[in-house]
Amino acid sequence: MQKHNIKKLQENLLFWYEKNGRKSLPWRNLKSLKCDERLKDIDKAYGVYISEIMLQQTQVKSVLERFYFPFLAKFPNLFTLAEAKEEELLKAWQGLGYYSRVRNLKKAALECIEKFGGILPKEPEKLKKLSGIGAYTAGAIACFAYDQKVAFVDGNIRRVLSRLFALKNANMKELESKAYQILNLNDAFNHNQALLDIGALVCLPKNPKCGVCPFYDFCKAKFNPESYPENKKILYEKLNLFLVFIEYKNQIAIKKSQEKLYKGMYNFPLFKESEFKLTKNMKYLGEFKHSYTKYKINVKVYHQILKIKTKDYEFKEFKELKHIPLSILSLKALNLIKF
DNA sequence: TTCCCGTACT
DNA sequence: AGTACGGGAA
């Protein structure tokens with residue numbers, strides 16, 4: 001693209017952002033005049049960091065309404081994060097999914113204190129050394145917390161660039177090169193926030209709003225936007241699971257996962273079809289659907305009362321469960337209870 | 001490349 | 001009910 005066209009594209013983008021961007025998101029106004037009252041003592045880089053990790057696989061709405069403020073109230077800085085118990089962190093993350101993110105948050109806090117004196121570095125290469133921070137998040141923190149003139153590519157920006165330059169299946173290196181080509185060095189912060197918003201609000205996967213897009217004049221995909229980028233198919237698998245409320249003296253069996261799946265989180269005893277044996281003392285409570293990754297799961301739920309305690313599980317009172325990090329799958333099962 | 005998790009959309 | 005979606009790690 002020619003130099004003057006790039007300049008025009010950058011101007012169009014910032015003009016659109018001024019009018020239509022999500023400019024009041026709390027993590028975009030840390031340490032500014034418009035800073036949310038609840039965040040006035042939150043370090044800017046820390047607040048940006050937490051927002052970026054939460055937003056990695058989650059909708060803005062959910063982060064904004066349910067997780068961002070409560071998490072920062074409990075863990076207001078890197079040091080509280082570093083000292084926090086894993087279980088408390090997981091509890092604060094309950095429902096967000098991808099729980100390794102919050103375990104990495106604590107790990108990275110310790111690494112940051114060890115390596116960088118407890119201050120998040122401003123260089124993407126240093127940020128990338130921290131657990132859970134990859135190329136995108138490193139760039140986003142550098143730019144949004146420290147105004148560094150860096151370009152980076154997330155899922156939204158990937159779609160915007162793929163269409164703008166008509167790239168069906170560009171790799172990360174090509175996309176980053178394109179992102180640098182159009183990067184506005186005079187206002188990287190607003191430029192990058194605007195790109196994210198174009199991806200989230202205009203350049204949608206389905207039915208993009210090309211008519212209001214500030215890139216329209218320059219977009220190589222404007223007549224067939226949905227052809228870019230080429231989408232990959234997910235092969236779903238059906239899975240039948242069996243969950244048992246095992247009761248002993250008004251206590252209920254739970255187990256902490258040691259596997260990659262739900263690591264550190266608790267679940268009620270959960271069995272694959274091959275491991276499950278229906279016994280006469282089990283009562284059927286109902287079933288529900290759940291899904292993660294490529295699995296479409298149907299969970300059948302049973303209740304069993306034990307005469308002798310087993311060492312396979314921890315037993316807790318119902319009222320204790322509200323302090324324990326439980327997967328959404330287990331919480332859904334809890335809804336079926338009426339015994 | 002595949003696995004994490006859960007929600008949103010149709 | 002079926003499908004799409006997403007950063008980082010292994």
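First the proteins, then the strands, lettered A, B, ... as listed; each starts at 1. Everything quoted here is computed from the prediction, not taken from an experiment. Below, each value reflects all heavy atoms present in this structure, side chains not excepted, and no hydrogens, waters or symmetry copies.
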N184(A)/D187(A) under side chain to side chain donor-acceptor pair (under 3.5 Å): CA gap, chis, key distance, verdict: CA-CA 6 Å; N184(A) 187 338; D187(A) 194 352; over 6 Å; no
Electrostatic pair E18(A):K23(A) at N-O distance under 4.0 angstrom: yes
Option from V202(A), L9(A), L161(A) for which side chain to side chain contact (heavy atoms under 4.5 Å, CB included) with F215(A) holds: L9(A)
Interatomic distance where CD belongs to E237(A) and C1' belongs to dT3(C) [whole Å]: 15 Å
Interatomic distance where CG belongs to L204(A) and C1' belongs to dA4(C) [whole Å]: 13 Å
N/O (side chain, K128(A)) to phosphate O (OP1/OP2, dG8(C)) under 4.0 Å: no
Span that lies between the P atom of dG8(C) and that of dT7(B), in whole angstrom: 22 Å
NZ/NE/NH1/NH2 to OD/OE distance under 4.0 Å, K294(A) and E237(A): yes
Interatomic distance, F152(A) CZ vs dG6(C) C1' [rounded to whole Å]: 16 Å
Spacing of L55(A) atom CG relative to dG6(C) atom P, expressed in whole Å: 13 Å
Length of the NZ-C1' vector between K233(A) and dG2(C), whole Å: 12 Å
Near-strand residues of residues 105-113 of chain A, defined as heavy-atom separation under 4.0 angstrom from DNA chain C: none
Integer angstrom distance from the C1' of dA4(C) to that of dC5(B): 14 Å
Between dT10(B) and dG6(C) - P atom distance, rounded Å: 15 Å
Distance in Å, L127(A) CG paired with K122(A) NZ, rounded so as to fall on 0.5 Å steps: 10.5 Å
Separation between the C1' atoms of dC5(C) and dC4(B), rounded to whole Å: 14 Å
Sugar-phosphate, base or nothing in reach of I53(A), heavy atoms under 4.0 Å: nothing
Spacing of NZ belonging to K300(A) relative to CG belonging to L243(A), to within rounding of 0.5 Å: 13.0 Å
K128(A) bridged to E123(A) by N-O distance under 4.0 Å: no
Under 4.0 Å protein heavy-atom contact, by nucleotide of nucleotides 2-10 of chain B - B base, S sugar-phosphate only: -SBBBBS--
Side chain to side chain donor-acceptor pair (under 3.5 Å) partner of K91(A), the single match among E88(A), E87(A), Q94(A): Q94(A)
Nearest-angstrom distance from the residue atom CD of Q56(A) to C1' of dA9(C): 11 Å
Sugar-phosphate, base or nothing in reach of R158(A), heavy atoms under 4.0 Å: nothing
Separation of dT1(B) C1' from K232(A) NZ (nearest whole Å): 13 Å
Salt bridge E176(A)-K178(A), side-chain N to carboxylate O under 4.0 Å: no
Ring geometry between F242(A) and F276(A) (parallel below 30°, tilted from 30 to 60°, perpendicular above 60°): parallel
Distance in angstrom units between N231(A) CG and dG6(C) P, rounded: 11 Å
